[in-house]
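A short write-up of the structure that comes next.
Atoms considered below: every heavy atom in the structure, side chains included; atoms not considered: hydrogens, waters and symmetry mates. FYI, the numbering just counts along the sequence from 1.
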Amino acid sequence: MTAPLDVPGSAEQARPEAVAELAKNSDRGRSLGQIAWMRLRQDKVAMIGGGFVVFMALVAVFAPLIVRFLGHPPNTWNLDVIDPILSTANSPWGGMSADHLLGVEPVTGRDIFSRIVYGARISMLIGFLATLVSVVIGTVMGIVAGYFGGWVDAVISRLMDIFLAFPLLLFAMALVGVIPDAAFGLQGNGLRIAILVFIIGFFNWPYIGRIIRGQTLSLREREFVEASRSLGASNFYILRKELLPNLVAPILVYATLLIPTNILFEAALSFLGVGVEPPTATWGGMLSEAVDFYNAAPNFMLAPGLAIFLTVLAFNLFGDGLRDALDPRTQS
């Protein structure tokens with residue numbers, strides 16, 4: 001009878017600490033993107049938030065198809081479901097039924113579900129496009145300021161301070177309020193959406209600009225940048241090939257956190273009556289119209305309020321999870 005083989009280190013590998021170490025080493029051979037995706041998938045809250053974001057994006061894209069099967073045209077008045085005396089729905093629960101899933105608006109009888117669905121198009125469109133404008137401007141200005149330093153950094157940093165101190169809400173209200181009927185080849189709500197995207201995106205770039213500047217200040221002294229510089233690489237090459245790829249993570253994280261802020265800003269402008277003109281459905285505009293009916297028809301206020309709350313919450317949860325997944329110091 002032979003003695004059992006004594007494998008060196010076998011007892012040590014069986015310890016929980018060794019198993020945990022092996023689990024950490026399992027990341028070896030994976031790309032940074034694969035590791036980040038694996039960490040993100042383990043964050044159930046972030047995945048739920050991301051799933052809801054994708055759902056809302058699909059709702060915005062396929063709004064006409066959804067309304068065709070589940071609702072009514074968003075701007076059509078349905079006076080047959082409105083009590084002529086009280087100006088509210090003539091059925092309980094604000095008119096909720098199989099025909100009107102979330103009820104109807106007082107006075108007009110417009111389908112709330114359809115208007116929520118179409119309102120998602122305005123909120124998501126302005127939120128994404130304004131964030132794109134902020135990210136592009138902020139990334140360019142931040143990386144230039146952080147890399148070149150000196151008077152370039154001083155000028156851009158003071159410019160950031162000016163923009164951050166600017167009363168954006170008051171400026172937006174004043175500018176949107178005097179928009180002409182047509183300009184730049186656009187007219188009506190198309191022009192107003194373009195102006196809103198420009199205002200929100202252009203005046204919010206300093207936030208991401210400061211983040212990118214700080215990251216660039218630390219990256220420009222790294223060995224790979226010094227190696228490229230010693231080999232004669234141009235500044236443009238270093239910015240585009242060496243620094244920018246290493247800034248993708250903070251750019252993505254901040255973009256996901258900036259989108260809900262822009263959605264809230266658009267809703268605030270619509271609530272104040274200087275956003276997209278009625279009868280085009282917007283969540284903020286619906287909240288503004290519901291103020292006078294919150295006692296008689298609470299569903300009129302709850303529906304757009306919940307839409308804004310859930311969408312913003314989903315973006316924030318997904319952004320937090322994405323930040324943790326992309327942070328190399330985060331332990332899985």
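Distance alone, capped at 3.5 Å, places no donor-acceptor pair between the Asp43 side chain and the Arg39 backbone.
Using modelled atom types, one finds no donor on one side chain facing an acceptor on the other under 3.5 Å when comparing Asn235 with Arg229. The closest side-chain donor-acceptor pair between Asn204 and Ser134, if any, does not fall under 3.5 angstrom. A side-chain donor from one of Glu266 and Ser270 sits under 3.5 Å from a side-chain acceptor of the other.
Only one option out of Glu242, Glu223, Lys241 pairs with Ser228 in a side-chain hydrogen bond (donor to acceptor under 3.5 Å, both in side chains); it is Glu242.
With respect to the salt-bridge test (charged N to carboxylate O, under 4.0 angstrom), the residues Asp153 and Arg213 qualify.
In this structure, the side chains of Ile263 and Met124 come closer than 4.5 Å at one or more pairs of heavy atoms. Contact annotation: the side chain of Phe224 approaches that of Leu219 to within less than 4.5 Å [non-hydrogen atoms, C-beta and beyond]. Side chains of Ile193 and Leu125 form a contact here, defined as non-hydrogen atoms less than 4.5 Å apart. Looking only at side-chain heavy atoms (C-beta outward), Leu164 and Tyr207 come within less than 4.5 Å of each other.
Between Phe202 and Phe163, the angle of the ring planes goes over 60°, which puts this pair in the perpendicular group of the 30/60° scheme.
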Show me the side-chain donor-acceptor pairs of residues 287-300 shorter than 3.5 Å, one per line, residues at least two apart or across chains.
{"unit_1": "Ser288", "atom_1": "OG", "unit_2": "Phe271", "atom_2": "O", "d": "3.1"}
{"unit_1": "Asn299", "atom_1": "ND2", "unit_2": "Leu102", "atom_2": "O", "d": "3.0"}

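For Arg222, the CZ atom sits in a loose shell: 12 or fewer heavy atoms of surrounding residues, nucleotides or ligands are nearer than 6.0 Å.
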*Please assess Leu257 against Asp320 for the test side chain to side chain contact (heavy atoms under 4.5 Å, CB included), listing each intermediate value before the final yes or no.*
CA-CA 8 Å; Leu257 297 175; Asp320 289 340; 4.1 Å; yes
